[in-house]
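First the structure, in the form of C-alpha cells, and then the observations on it.
Labels below follow one simple rule: chain letters A, B, ... track the order of the sequence lines, proteins then strands, and each chain is numbered from 1. Since this is a predicted model, take the numbers as computed values, not measurements.
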Number of protein chains: 2
Amino acid sequence: MLKKERHDFIMRQINLHNRVLTSDLVQLLNVSEDTIRRDLQELVDENLLYKVHGGALSKSYHSSFDDSTVYARDSKIAIGKKAVQLIKDGMVVLTGGGTTILEFVKLLPQGLTATFFTISPLVAVELAKYNNIEVILIGGLFSKNSQVTYGGQVITQLAEIKADLCLMGTSAIHPDEGLTDTYWEINQLKKAMLACAKRTAVLCISEKLDIALRLRVCPIESISHLITELDLGHESLSRYREKELNIL
Amino acid sequence: MLKKERHDFIMRQINLHNRVLTSDLVQLLNVSEDTIRRDLQELVDENLLYKVHGGALSKSYHSSFDDSTVYARDSKIAIGKKAVQLIKDGMVVLTGGGTTILEFVKLLPQGLTATFFTISPLVAVELAKYNNIEVILIGGLFSKNSQVTYGGQVITQLAEIKADLCLMGTSAIHPDEGLTDTYWEINQLKKAMLACAKRTAVLCISEKLDIALRLRVCPIESISHLITELDLGHESLSRYREKELNIL
DNA sequence: CGTGTTTTTGCGTTTTGTTGCAATAAAATA
DNA sequence: TATTTTATTGCAACAAAACGCAAAAACACG
C-alpha cells in the first residue's frame with residue numbers, strides 16, 4: 001500500500017468518524033506505529049487534522065459548544081463585514097444558523113429595510129433588534145446540536161419562499177467536492193435552502209476550506225459567493241478562484 | 001476515549017447546564033475521580049471554567065449577570081417550581097414566551113421525557129438543553145416586542161396541535177373579566193393557544209392580578225390553573241378561589 | 001546495468017503523557 | 001465537634017511519542 005493511499009484512508013476515517021486511534025490504524029493498515037505517527041504528522045503539516053495523544057481528530061469537529069467564547073471570533077467578524085456588503089434595502093434574505101451568521105447579523109446597518117427568513121431562533125432574536133427588518137422564523141423540530149429548526153416541516157415551508165439571497169455557514173467546503181456535511185437532516189435542510197434562493201453565499205472561516213465530509217450538499221458551482229476572512233489574493237483561495245464563484 | 005474528547009464532553013455539559021458534578025462525570029465517562037479532577041484542572045488552566053468543591057461551574061454563568069436583571073425573578077422562580085408539578089412524563093405541552101415561562105423551563109427535572117411546542121425562540125433554546133424533550137418551535141412572523149412568533153401562520157399551525165397542557169404568561173387577569181390583553185395579534189394568538197390544549201395554566205406574578213385590559217382573551221372559566229407566587233390562602237386570591245379554577 | 005542518493009519503513013531506546021491507587025489534607029455537613 | 005465527602009499529592013504501571021539508526025526499497029543518472 002502506497003503512502004498516499006494510506007493518507008487517503010486515514011482522512012476517510014477521520015471524515016467519517018471525526019476521530020481515529022493510532023492503534024486502530026496500525027491494525028487496519030498493518031504497518032508499524034511509527035509509520036502511522038509519521039503519516040499523522042505529515043497530515044498535520046498539511047493542515048488536514050489535529051493530532052492528539054492516542055490518535056487524531058477532525059478539524060471540522062470543533063469542540064461543539066462553547067457559547068461563552070465564540071471560536072475564532074475575529075475571523076467571523078471579518079467575514080460578517082464582507083457579507084454585509086451583499087445586503088441591500090428591500091431584499092429578501094434567508095439565513096441559516098451558527099456563530100458566523102450571528103456575527104454577521106450584529107454588523108448590519110441600523111436603518112436597513114429588509115425581510116429575513118431564518119431557521120435559527122438566536123438569529124431571529126438578534127434580527128429583531130432592527131426596527132425595519134421583518135423577521136420570519138421558520139418553525140419545525142428544533143435541533144439540539146445545531147440550534148436550528150429542521151425536518152420535513154421546515155423543508156415544506158422553505159419550498160414556499162423565494163429569496164434573493166441565502167446566507168449559510170458551513171462545516172466543510174472543497175474545490176472539487178463542493179459543500180459537504182456530516183448529518184443527513186442538515187444536509188437535506190441545506191439543499192432546500194439552496195433551492196429557494198436566487199443566489200447563495202457561503203460564510204466560511206479559512207480552516208474549513210479544503211475539507212470534504214461524508215454527505216454532499218451541492219457542487220461548488222451552485223454557490224455564488226464564498227466569503228472567508230482571507231484577503232482576495234490569498235493562496236489558499238486559488239483553487240476556488242478557478243471556479244465560477246465570487247470570492248469576497 | 002481520547003482526552004480531548006473528554007474535555008469537549010465536559011465543556012458541553014458545562015455550557016448546557018452551567019454546572020457539573022465530579023461524581024456525575026465519573027459515571028458518565030467511566031474514568032476515575034482523579035482523571036476528572038485533572039481534566040477540570042486543565043480546563044481551568046485554559047480558562048474555560050471555574051472549579052469548585054464538588055465539581056465545576058461555567059464561566060459565563062458567573063460573568064453574565066443578565067439573569068439577575070429579570071424583573072421579580074424570585075417570584076418567577078417560585079411560580080416556576082409550582083408549574084413544574086403539573087408536568088408528567090409523556091405529556092405534550094404548549095408554551096408561550098416571557099421570562100416567567102423561561103424560569104419555569106430552567107426548573108424542569110433533567111430526565112423529563114416530553115414533547116414541547118413553543119412560540120418562543122428563547123424557550124426553545126432553553127428546552128433544547130434537556131436530552132429527552134422533543135422541542136418543536138412554531139414558526140411565523142417574529143414579534144419584536146414579545147419575542148414570540150405570531151400571525152396567521154402560527155395560528156394555522158396551532159390548529160393542528162392537540163396538547164395536554166398549555167402554559168402561558170399573561171399581562172393581566174381579573175376575576176370577572178378573565179384574561180385580557182392590549183394587542184390584537186397577541187390576543188388572537190392566545191385564543192388559538194387556548195383552543196388547542198385540553199387544559200391551560202396561567203403563570204402570573206401577583207401584581208398582574210385584578211387587572212383588565214382592552215381586549216378579552218377568554219373568561220376565567222376557560223383557565224384550569226392559576227399559578228402565582230402567593231400562598232394558597234392569600235387574601236388576594238380569594239376572588240379567584242370562588243371560581244372553578246385550581247390555584248397553585 | 002551499476003552505483004550513489006533519497007525515501008520509506010521498522011526497531012530499540014529514551015522521554016513524555018496518562019491513569020489509577022493510597023495516604024493525607026481540606027472542606028462540607030450534620 | 002464528629003463524620004462524611006471531596007481534594008491534593010506523590011508514586012508506580014503502563015501507553016504512546018520522539019529520536020536516532022539501519023535495513024530495504026525506489027529512484028536518478030551516467
Side-chain angles (χ1 to χ4, degrees), chain A residues 1-66 68 71 207 210, chain B residues 1-63 77 81 106-107 109-111:
Chain A
M1 177 172 247
L2 300 171
K3 182 153 85 158
K4 179 78 169 82
E5 292 179 295
R6 246 182 7 244
H7 284 196
D8 288 348
F9 181 87
I10 294 172
M11 285 314 296
R12 207 157 54 240
Q13 292 293 314
I14 287 266
N15 287 333
L16 234 52
H17 307 119
N18 277 327
R19 58 173 284 200
V20 78
L21 302 181
T22 310
S23 54
D24 286 355
L25 290 174
V26 168
Q27 289 220 324
L28 287 166
L29 297 171
N30 219 39
V31 288
S32 76
E33 289 204 342
D34 301 68
T35 304
I36 295 298
R37 264 194 280 277
R38 269 186 285 253
D39 286 342
L40 292 180
Q41 187 54 53
E42 282 158 31
L43 292 169
V44 165
D45 294 343
E46 289 175 58
N47 218 1
L48 293 174
L49 46 74
Y50 288 125
K51 204 147 83 75
V52 296
H53 197 92
L57 294 172
S58 161
K59 281 190 70 187
S60 66
Y61 159 80
H62 232 300
S63 39
S64 5
F65 258 77
D66 202 354
S68 50
Y71 177 73
E207 65 185 53
D210 302 333
Chain B
M1 179 171 242
L2 299 169
K3 183 157 83 158
K4 177 84 168 77
E5 295 179 299
R6 237 176 22 234
H7 284 192
D8 288 347
F9 181 89
I10 294 172
M11 285 313 296
R12 206 159 56 240
Q13 293 293 315
I14 287 263
N15 286 326
L16 236 49
H17 306 124
N18 279 325
R19 63 182 221 126
V20 77
L21 302 181
T22 310
S23 51
D24 287 355
L25 289 174
V26 168
Q27 289 221 323
L28 288 167
L29 296 171
N30 219 38
V31 289
S32 75
E33 288 204 345
D34 304 68
T35 303
I36 295 299
R37 264 193 276 277
R38 267 186 287 252
D39 285 343
L40 292 178
Q41 186 55 52
E42 282 159 33
L43 292 169
V44 165
D45 294 343
E46 290 175 60
N47 217 1
L48 293 174
L49 47 74
Y50 288 125
K51 203 148 83 76
V52 296
H53 200 91
L57 294 174
S58 160
K59 281 198 80 184
S60 55
Y61 180 72
H62 268 295
S63 54
I77 289 175
K81 280 183 186 157
K106 288 179 184 167
L107 292 165
Q110 264 306 318

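- In this structure, B:L21 atom CG and D:dT5 atom P are separated by 14 Å, rounded to whole Å.
- Here the range on DNA chain C touched by chain B, meaning any atom under 4.0 Å from one of its heavy atoms, is C:dT18 to C:dA28.
- Minimum interatomic distance between A:A56 and A:L40 (heavy atoms only, all atoms of both residues): CB-CD2, 4.1 Å.
- We find that NE2 of A:H53 is positioned 6 Å from C1' of D:dA15, with the value rounded to whole Å.
- An OP1 or OP2 oxygen of D:dA16 is reached within less than 4.0 angstrom by no side-chain nitrogen or oxygen of B:K3.
- Nucleic acid contact for B:T22: sugar-phosphate only, since backbone atoms but no base atoms lie under 4.0 Å from a heavy atom of the residue.
- Counting heavy atoms from C-beta outward, B:V44 and B:Q41 have side chains that approach closer than 4.5 Å.
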Practice task
Would you please test A:E42 and A:K3 for side-chain contact (heavy atoms from CB on, under 4.5 Å) and show each step?
Solution key: CA-CA 11 Å; A:E42 282 158 31; A:K3 182 153 85 158; 3.0 Å; yes
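- Side-chain proximity of B:D34 to D:dA7, D:dA17, D:dT9: nearest is D:dT9.
- Here the side chains of B:Q13 and B:D24 are not in contact, with every heavy-atom distance at 4.5 Å or above.
- What separates CG of A:L40 from P of D:dA16 is a distance of 13 Å, to the nearest Å.
- What separates CZ of B:R38 from P of D:dC11 is a distance of 14 Å, to the nearest Å.
- Nucleic acid contact class of A:V52 (heavy atoms, under 4.0 Å, all strands): sugar-phosphate only.
- Classification of B:D8 and B:K4 as a salt-bridged pair holds, one side-chain N sitting under 4.0 Å from a carboxylate O.
- Across all their heavy atoms, A:L48 and A:M11 have their closest contact at O-CE, 3.5 Å.
- Put simply, CG on A:D39 and CZ on A:R6 are 4.0 Å apart, with the number rounded to the nearest 0.5 Å.
- The two residues A:L57 and A:L49 have their closest heavy-atom pair at O-CB, 3.5 Å.
- Within the 4.5 Å cutoff, no side-chain heavy atoms of B:V31 are placed close to those of B:L25.
- Spacing between atom CZ of A:R37 and atom P of D:dC19 amounts to 11 Å, rounded to whole angstrom units.
- Between its two ends, the helix from C:dC1-D:dG30 to C:dA30-D:dT1 turns its axis by 40°, counting five pairs per end and rounding to 10 degrees.
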